[in-house]
Undergrad: 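Take a look at the following structure, please.
Numbers for residues simply follow the sequence, beginning at 1. Only a predicted model underlies this, so the values are computations on that prediction, with no experimental measurement involved.
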Amino acid sequence: AQDELWTAVLALKFTSMELNIIYSYVMEVLICLHTRVLEKLPDLVRSLPTLASVLRRKVKNKRIRVVWESVLEECGLQERDTTALCTFFIAHGNKAEHYSAKVRQMYIRDVTFMITNMVKNQALQNALLMAVQLIEKGKAVTAPEEQKSSLKELMPIVKN
């Protein structure tokens with residue numbers, strides 16, 4: 001399943017603008033997940049500086065795992081969705097840039113239609129559609145620039 005996901009992510013044929021738009025949704029959801037975990041674990045803020053640190057530590061730390069699972073549930077996501085989103089982020093993060101909501105709306109009116117038509121892998125399609133839904137419904141939060149750049153640290157955790 002992981003090989004299929006990676007193949008699907010790498011085979012996407014988005015224009016650079018479309019890629020930037022999808023990347024923006026993915027990035028905002030990953031930031032939202034990290035932020036929500038930190039809100040529920042304020043005493044661990046310093047030891048969980050990135051989403052990668054949360055993903056690494058949840059394996060051995062029950063408290064972090066329970067909070068992570070509750071955050072996913074609140075957002076209507078499953079572990080496989082975050083795997084797909086992280087895979088997308090890793091594969092395309094080096095060539096994509098973040099577009100604000102205003103810019104995204106100027107370029108593409110119906111991003112769900114674009115995802116449905118262009119993404120054939122069902123797991124990836126579902127995860128991307130959930131990301132768009134979360135952001136559009138305002139469940140995600142906008143995070144400071146330093147948090148956006150800290151997402152680059154996801155690379156080692158998802159590849160393992």
Undergrad: Just by distance, do the side chain of Asn20 and the backbone of Glu97 share a donor-acceptor pair under 3.5 Å?
TA: yes
Undergrad: Quick one: does Trp6's side chain get under 4.5 Å of Ile90's, heavy atoms only?
TA: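 In contact.
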Undergrad: Compare all side-chain heavy atoms of Leu44 with those of Ser47 and state whether any distance is below 4.5 angstrom.
TA: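 Yes, their side chains come closer than 4.5 Å.
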Undergrad: Calculate, to the nearest 0.5 Å, the distance between atoms SG and CD belonging to Cys75 and Gln133 respectively.
TA: 11.0 Å
Undergrad: Apply side chain to side chain contact (heavy atoms under 4.5 Å, CB included) to His92 and Leu12, showing your working.
TA: CA-CA 10 Å; His92 299 293; Leu12 293 173; 4.2 Å; yes
Undergrad: So which atom in Ala8 and which in Asn121 form the shortest heavy-atom distance, rounded to 0.1 Å?
TA: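 Closest pair (atom of Ala8, atom of Asn121, distance): CB-CB, 3.3 Å.
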Undergrad: Is there side-chain contact between Phe113 and Ile108, with heavy atoms separated by less than 4.5 Å?
TA: no
Undergrad: If every non-hydrogen atom of Leu19 is compared with every non-hydrogen atom of Phe14, which pair is closest and at what distance?
TA: N-CB, 3.8 Å
Undergrad: Drop me the distance from Leu5's CG to Thr87's OG1, to the nearest 0.5 angstrom.
TA: 4.5 Å
Undergrad: Is there a side-chain contact between Lys58 and Arg63 (heavy atoms, below 4.5 Å)?
TA: no
Undergrad: Could you label the plane-to-plane angle of the Tyr23 and Phe89 rings as parallel, tilted or perpendicular, counting under 30° as parallel and over 60° as perpendicular?
TA: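 Parallel: the ring planes of Tyr23 and Phe89 meet at under 30°.
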Undergrad: Whether the side chain of Asn61 engages the backbone of Arg57 through a donor-acceptor N/O pair (distance < 3.5 Å, no angle test) should be reported.
TA: no
Undergrad: Of all heavy-atom pairs between Ala127 and Ala84, which one has the smallest distance, and what is that distance?
TA: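 In terms of heavy atoms, the two residues are closest at CB-CB, 3.6 Å.
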Undergrad: Taking His34 for the side chain and Leu48 for the main chain, is one N or O donor matched with an acceptor at less than 3.5 Å?
TA: yes
Undergrad: How would you list, by chain and number, every residue that makes a side-chain hydrogen bond (donor to acceptor under 3.5 Å, both in side chains) with Ser70, sequence neighbours excluded?
TA: none
Undergrad: Any sub-3.5 Å donor-acceptor pair from Arg104's side-chain atoms to Tyr99's backbone N or O?
TA: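 Checking the backbone N and O of Tyr99 against the side chain of Arg104, a donor-acceptor pair under 3.5 Å is found.
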Undergrad: Could you go through the side chain to side chain contact (heavy atoms under 4.5 Å, CB included) check for Val29 and Leu33 one step at a time?
TA: CA-CA 6 Å; Val29 168; Leu33 293 173; 4.3 Å; yes
Undergrad: Flag the pair Glu28 / His98 as yes when at least one side-chain heavy-atom distance between them is below 4.5 Å, and no otherwise.
TA: yes
Undergrad: Consider only side-chain N and O atoms of Glu18 and Tyr107, and report whether a donor and an acceptor are under 3.5 Å apart.
TA: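 No - no donor-acceptor pair under 3.5 Å links their side chains.
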Undergrad: Under a 4.5 Å cut-off applied to non-hydrogen side-chain atoms, are Leu134 and Tyr25 in contact?
TA: no
Undergrad: For Asn117, look at atom CG and say whether over 12 heavy atoms of other residues, nucleotides or ligands are found less than 6.0 Å away.
TA: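 Yes, enclosed.
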Undergrad: Once you round to the nearest 0.5 Å, how far does OG1 of Thr112 lie from CE of Met114?
TA: 9.5 Å
Undergrad: What verdict does the side chain to side chain contact (heavy atoms under 4.5 Å, CB included) test give for Leu128 and Leu85, after you've listed the backbone C-alpha separation in whole Å, the side-chain angles of each residue and the deciding distance to 0.1 Å?
TA: CA-CA 7 Å; Leu128 293 175; Leu85 296 175; 4.1 Å; yes
Undergrad: Please tell me whether Val66 and Leu38 are part of a single hydrophobic cluster in this structure, the criterion being side-chain heavy atoms less than 4.5 Å apart.
TA: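 Hydrophobic grouping puts Val66 apart from Leu38.
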Undergrad: Look up atom NZ in Lys13 and atom CE in Met118, then write down how far apart they are to the nearest 0.5 Å.
TA: 10.0 Å
Undergrad: Can you check whether Thr116's main-chain N or O pairs, donor with acceptor, with Gln125's side chain at less than 3.5 Å?
TA: yes
Undergrad: Pair Gln78, Leu72 - check side chain to side chain contact (heavy atoms under 4.5 Å, CB included), show working.
TA: CA-CA 6 Å; Gln78 296 180 2; Leu72 289 181; over 6 Å; no
Undergrad: Please report the interatomic distance OG(Ser53) to CZ(Arg46), rounded to the nearest 0.5 Å.
TA: 14.0 Å
Undergrad: Heavy-atom count check: over 12 atoms from other residues, nucleotides or ligands less than 6.0 Å from Arg80 CZ?
TA: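 Atom CZ in Arg80 is not crowded, with 12 or fewer foreign heavy atoms closer than 6.0 Å.
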Undergrad: Excluding sequence neighbours, so at least two apart, what forms side-chain hydrogen bond (donor to acceptor under 3.5 Å, both in side chains) with Asn126?
TA: Gln122
Undergrad: Counting only heavy atoms from other residues, nucleotides and ligands, does the tally under 6.0 Å from CD of Glu4 exceed 12?
TA: no
Undergrad: Report yes or no: does Lys62 contribute a side-chain atom to a donor-acceptor pair with the main-chain N or O of Val59 at less than 3.5 Å?
TA: no
Undergrad: Using only atom types and a distance under 3.5 Å, with no angle test, would you say the side chain of Asp81 pairs donor to acceptor with the backbone of Leu77?
TA: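 Answer holds: no.
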